[in-house]
Structures are given as C-alpha cells and as structure tokens.
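Working notes, structure below.
Count residues from 1 along the sequence. Below, each value reflects all heavy atoms present in this structure, side chains not excepted, and no hydrogens, waters or symmetry copies.
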Amino acid sequence: QVQLVESGGGLVQTGGSLRLSCAGSGRAFTISPIGWFRQAPGKEREFVAALSWNADDTKYVDSVKGRFTISRDNAKNTVNLQMNNLKPEDTAVYYCAARAIPGTPPSINPDTYEYWGQGTQVTVSS
C-alpha cells in the first residue's frame with residue numbers, strides 16, 4: 001500500500017514558477033514509478049510527467065517539455081515537479097500517482113496507476 005500527499009500548489013502569474021511535491025509513505029514508494037497528472041474543470045484527466053523508480057526514464061507531455069522537470073529523492077520519499085514559465089492553460093488540479101508493481105516503466109496512461117493523492121490546485125492568472 002502506498003499513500004500519497006501533494007503540496008505546493010497555489011496562484012501564480014503567467015511566466016511564474018511553482019514546485020509541486022508528492023510525499024509518499026511506505027518502502028514501495030521508492031521502487032515504484034510515479035506520475036503527475038492534471039485535470040482542469042470540464043476536461044479529462046491528462047498526463048503531465050512520469051519517472052521510473054531510479055529516475056533514469058522520464059516522460060513528459062509535449063505541452064510541458066522544456067518548462068517542467070520531474071525528479072525524485074528516494075531518501076526523502078518525495079517526487080517533485082518543478083514548473084517554470086507557467087501559462088494559463090496549466091491551470092488545473094495536479095495529482096501524483098504511483099504504480100502498484102515496483103520496477104515497472106513509467107506510464108502515460110492513468111489507468112495503469114493504482115495509488116493517487118488528493119490533488120493540489122494550480123492556478124495561473126493571465
């Protein structure tokens with residue numbers, strides 16, 4: 001079992017930065033791929049970024065490449081999402097998620113993630 005708690009969301013102006021953190025419990029967190037997803041009002045949940053348990057494999061949706069960076073610190077049981085040059089279209093609730101099977105590759109499909117946090121709101125004003 002893995003429990004996830006996101007933090008770091010808030011209100012920022014266009015061009016600003018935020019750093020989201022996902023704190024995980026349990027040893028399984030450190031050996032599981034972790035993904036970040038987001039959901040804007042009236043829209044489907046969207047993949048944002050993901051990384052493998054040892055961070056040697058990362059994936060990003062095209063719209064955030066060059067602006068967002070996903071990283072992890074297994075010693076602190078955290079996965080971070082550094083978001084720079086934010087745009088109004090980045091406004092959404094951001095969720096971190098963990099896959100149940102350790103060692104599996106990071107995935108862009110939300111249906112492959114079994115554990116989810118409660119989400120943190122990111123609002124980018126124009």
Taken to the nearest 0.5 Å, the spacing of Thr58 OG1 from Arg72 CZ works out to 12.0 Å
Hey, can you pull the donor-acceptor pairs under 3.5 Å for the side chains in residues 29-38, sequence neighbours left out?
| residue | atom | partner | partner atom | Å |
| --- | --- | --- | --- | --- |
| Thr30 | OG1 | Arg27 | O | 2.8 |
| Ser32 | OG | Ala28 | O | 2.6 |
| Ser32 | OG | Arg99 | O | 3.4 |
| Arg38 | NE | Glu46 | OE1 | 2.7 |
| Arg38 | NH1 | Asp90 | OD1 | 2.9 |
| Arg38 | NH1 | Tyr94 | OH | 2.9 |
| Arg38 | NH2 | Glu46 | OE1 | 3.3 |

The test is side chain to side chain contact (heavy atoms under 4.5 Å, CB included); show your working for Glu6 and Gln118 and say whether it passes. CA-CA 7 Å; Glu6 302 96 335; Gln118 82 290 348; 2.9 Å; yes
Paired with Tyr60, the side-chain contact (heavy atoms from CB on, under 4.5 Å) test is passed by just one of Val48, Ile70, Leu51, namely Ile70
For Gln3, does the CD atom sit with more than 12 other heavy atoms under 6.0 Å from it, leaving out its own atoms?
-> no
Heavy atoms of Asp111 and Asn109 approach each other most closely as N-OD1, 2.9 Å
When every non-hydrogen atom of Thr104 is compared with those of Ile101, the smallest separation belongs to OG1-O, 2.7 Å
Stepwise side chain to side chain contact (heavy atoms under 4.5 Å, CB included) test for Leu11 and Gln121:
CA-CA 8 Å; Leu11 173 64; Gln121 176 70 48; over 6 Å; no
Heavy-atom check, side chain of Pro88 versus side chain of Thr14, under 4.5 Å
yes
Here the gap from Arg67 atom CZ to Thr69 atom OG1, rounded to the nearest 0.5 Å, amounts to 11.0 Å
Interatomic distance, CD@Glu89 vs OG@Ser63, rounded to 0.5 Å, equals 8.0 Å
Trp53 reachable from Leu81 in the ILVMFWY side-chain graph, under 4.5 Å edges | no
Separation between NZ (Lys87) and OG (Ser126), nearest 0.5 Å, reads 14.0 Å
One should read off an interatomic distance between Trp116 CH2 and Arg45 CZ, to the nearest 0.5 angstrom, of 4.5 Å
Between Ser107 and Thr112, the two heavy atoms sitting closest are OG-OG1, 2.9 Å
Hey, can you pull the donor-acceptor pairs under 3.5 Å for the side chains in residues 15-22, sequence neighbours left out?
| residue | atom | partner | partner atom | Å |
| --- | --- | --- | --- | --- |
| Ser17 | OG | Asn84 | OD1 | 2.9 |
| Arg19 | NH1 | Gln82 | OE1 | 3.3 |
| Ser21 | OG | Asn80 | OD1 | 2.7 |

Between Thr123 and Thr91 (side chain of the first, backbone of the second, donor and acceptor by atom type, cut-off under 3.5 Å), is there such a pair?
no
